[in-house]
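Here's the structure we're looking at; comments come further down.
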Amino acid sequence: MGKLVSETPSPSNARIFSSLFENVIHLLLTQFRLPFLSELIEMDLGEGYKSNEHKVQPHAASESADLHSKDCTTKGGCGEKGKPGGLVDMDDNHFIDAKDPNYSSSEETDKTTVKVINPRFEEYKKKASVIVEEYFATDDGISTANELKDLDMPSYSYYFVKKLISMAMDRHDKEKEMAAVLLSSLYTDVIDPRQVYMGFRKLVESADDLIVDIPDTVDVLALFIARAVVDDILPPAFLKKEIDALPEGAKGIDVIKRAEKGYLSAPLHAEVIERRWGGSRNKTVEDVKAKIDNLLVEYAVSGDKKEAIRCINDLKVPFFHHEIVKRAIVMAMERKKAEGKLLDLLKTASEECLINSSQISKGFTRIIDMIDDLSLDIPNAKELLQSLIAKAASEGWLCASSLKQVSFSEKKLVEESIVRAFKAKAHAIIQEYFLTGDVLEVNSCLESENLSSIPELKAVFVKRLIMLAMDRKKREKEMASVLLSSLYFPADDVVTGFSMLIESADDIALDIPVAVEDLAMFLARAVVDDVVKKSLVTVIEKKNDRVWKLLEECFNSGIITPIQMTKGFGRVAESLDDLCLDVPDARKQFGSLVERAKRVGWLDSSFSFNKTACLMENGYHSYSVVLDGNGNGNGNGNLGEN
């Protein structure tokens, strides 16, 4: 799994990967309390990606480990204010501040809650407040967007959302309208959709505290939520998910009910909500889409490019330019005669920096995602889109390498059919596993599926397993982690499975608000499952007994389980041949470590190594190789996949 953290993420998911990586490192340093993790991460990230925290605070493991403990019944524990939360909830504030809207006096009297001060988050909070104040004074959305980008802390953007709205709630309608407009302009390009979702969630949860200083909190916050739904930056599902998660009697429930029944259920609600704060300069999403259609149709008929560019400028929706790209390309696919004009319009808009490269790529990506549906109306849609992508790339206004592949070969269609069928089978296998907990049965079912026929199938199973677990309780999440550790899939397939999850994180987050936190936790567990191998290799290569003692500490405290320990030793056995190229006496050292591990109870006394691997009753592999008195093997130490 080392490859997982050193592999460079693609541009399309860089922000998601960055946010996940920061969460993973935080979890590993705090929740798992691995005191030697910094050293292991340093080795793993020697030439790869490093988060800012890792660069600045490589010693944070031991400090955070001692401080980070929570009572699951308090805010920020196993659920925020009664919320079930993710596999492990992240405490984002890290300290008690009586001036913060989330402040609760009960936190000061709860002796079991110890907060850890995060300097970067403290810095972000201060700068966010200044940025909001400056925006209200200047009404300069572009400068605000640039300042947020310069902060380069996307994982804290939810706090900016929360701060912007909470400050606007206590001001005039002008500032409220400005806040709503700014959020729409920052959505996706500057602030990730999940961060917007989390920001609104934090506001709803802190309604009881906000109402102390802002008496009309229920009505104003409800209107902000309704406006976000109308502006298409907050999914309607937010309402039901939050009202189900809030504790009985919370003011947040009143907020959600007011938003749903008082605003979003009213006749002509979109227009009423848009105009509530005097926002006549604003347009609803449907208004903008209609105007985009009109300008494209008129341009296709008249060919007046200058007028079309002026109309795009007049829309004043740079954050929504991907819709122009999408609709222009679809129109080009439908109207062959207009293709040249429409491509020329997009090329000019790109050259004049009217539509940026990110919006262009996003527009094409949206079409790729809906290509199967388009094919129902446009029979040769895939071929047409492939042709348009090639033309745009050859003219230099589209980076084709940043897009997903549009495939329409017969072989690919057959493979897609097999994958679809396997997904249904995998779903049934996983559902049955959650009921029975029978790892052996899962292995048996997977073996009968001939997974080697298409390499993607193992990754698909990993993705499906994690997705189903993320939407369930902690029991199933723990079961999924155990199964993932027991399947013994090749590391590359597990990496691909997690990469597929990251790619689809936007969609997952719409149904599972804590998707990033849960996915980070699964990633962290996967890394922990690889810690044994990494540690043993370190002991062998560097003759470092200190790492062995730290492994002992982790085993005794339950952080590393017997299954993980056995699996880790097995992984080292697999790589002994390669390891011997760098460390000639690696086999002898490893044999000694195996005997030492048996003496301290890490490994079962029957544990041995040879080329054959067999599944044991608890679902993990045992290995055997014949070792002589000097710890040298018989040459069968390199294990194949079972």
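We use all heavy atoms of the structure for the numbers below, so side chains are in, but hydrogens, waters and symmetry mates are not. Bear in mind that the values here come from a model prediction, so they are computed numbers and not experimental data.
- Note that the OH atom of Y156 and the CD atom of E122 stand 10.0 Å from one another [nearest 0.5 Å].
- Judged by distance alone, the side chain of N380 and the main-chain N or O of E383 form no donor-acceptor pair under 3.5 Å.
- F136 CZ to K174 NZ: the interatomic distance, rounded to the nearest 0.5 Å, is 10.0 Å.
- Taking the side-chain hydrogen bond (donor to acceptor under 3.5 Å, both in side chains) definition, one finds that S143 meets it with D140, sequence neighbours left out.
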* To do: List the steps and the verdict of side chain to side chain contact (heavy atoms under 4.5 Å, CB included) for V130 and Y135.
  => CA-CA 9 Å; V130 173; Y135 171 67; over 6 Å; no

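- Residues passing the salt bridge (charged side-chain N to carboxylate O under 4.0 Å, His left out) test with K423: none are found, sequence neighbours excluded.
- Note: E298 CD to D293 CG = 11.0 Å, rounded to the nearest 0.5 Å.
- In this structure, the separation between NE2 on H321 and NZ on K326 is 15.0 Å, given to the nearest 0.5 Å.
- When atom types are taken as modelled, the side chain of D192 and the backbone of R194 share a donor-acceptor pair closer than 3.5 angstrom.
- Note on residues 255-267: pairs passing salt bridge (charged side-chain N to carboxylate O under 4.0 Å, His left out), not counting sequence neighbours, are D219-R258.
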* Chi angles and distances behind the side chain to side chain contact (heavy atoms under 4.5 Å, CB included) call for L343, I329 -> CA-CA 8 Å; L343 290 179; I329 296 301; 4.0 Å; yes

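- The side-chain hydrogen bond (donor to acceptor under 3.5 Å, both in side chains) search around E133 returns R171, not counting sequence neighbours.
- Evaluation of the ring pair (Phe, Tyr, Trp, His ring centres under 6.0 Å) test over residues 322-364, restricted to residues two or more places apart or in two chains, returns F320-H322.
- Without hydrogens or angle criteria, S350 side chain to L346 main chain gives no donor-acceptor distance under 3.5 Å.
- Side-chain atoms of E134 do not come within 3.5 Å of backbone N or O of I131 as any donor-acceptor pair.
- F200 has its ring centre no less than 6.0 Å from the ring centre of F224.
- The aromatic rings of F238 and Y197 stand perpendicular to each other, their planes meeting at an angle above 60°, with 30° marking the opposite boundary.
- Expressed to the nearest 0.5 Å, how far NZ of K149 lies from CG of L186 amounts to 9.0 Å.
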* To do: Test R276 against E177 for salt bridge (charged side-chain N to carboxylate O under 4.0 Å, His left out), laying out the working first.
  => CA-CA 9 Å; R276 180 63 180 267; E177 177 66 18; over 6 Å; no

* Kindly indicate, with the supporting measurements, whether the criterion side-chain hydrogen bond (donor to acceptor under 3.5 Å, both in side chains) is fulfilled by K162 and S206. => CA-CA 10 Å; K162 174 185 161 189; S206 63; 5.3 Å; no

* Asked: Can you list the steps and then say if R327 with E334 is a salt bridge (charged side-chain N to carboxylate O under 4.0 Å, His left out)?
  -> CA-CA 10 Å; R327 289 175 180 264; E334 294 173 333; over 6 Å; no

* Can S375 and K382 be said to form a side-chain hydrogen bond (donor to acceptor under 3.5 Å, both in side chains), step by step? -> CA-CA 7 Å; S375 296; K382 291 186 177 181; 5.6 Å; no

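- A side-chain donor-acceptor contact under 3.5 Å links Y299 to the backbone of K341.
- Among residue pairs with one or both ends in residues 385-399, those qualifying as salt bridge (charged side-chain N to carboxylate O under 4.0 Å, His left out) are E339-K391; sequence neighbours excluded.
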* To do: I would like to know whether V230 and L264 meet side chain to side chain contact (heavy atoms under 4.5 Å, CB included); could you show each step before the answer?
  => CA-CA 8 Å; V230 168; L264 293 172; 4.1 Å; yes

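- For the atom pair CG (L164) and OG (S157), the distance works out to 12.0 Å, reported to the nearest 0.5 Å.
- Of the possible polar contacts, none joining the S361 side chain to the S358 backbone as a donor-acceptor pair under 3.5 Å is found.
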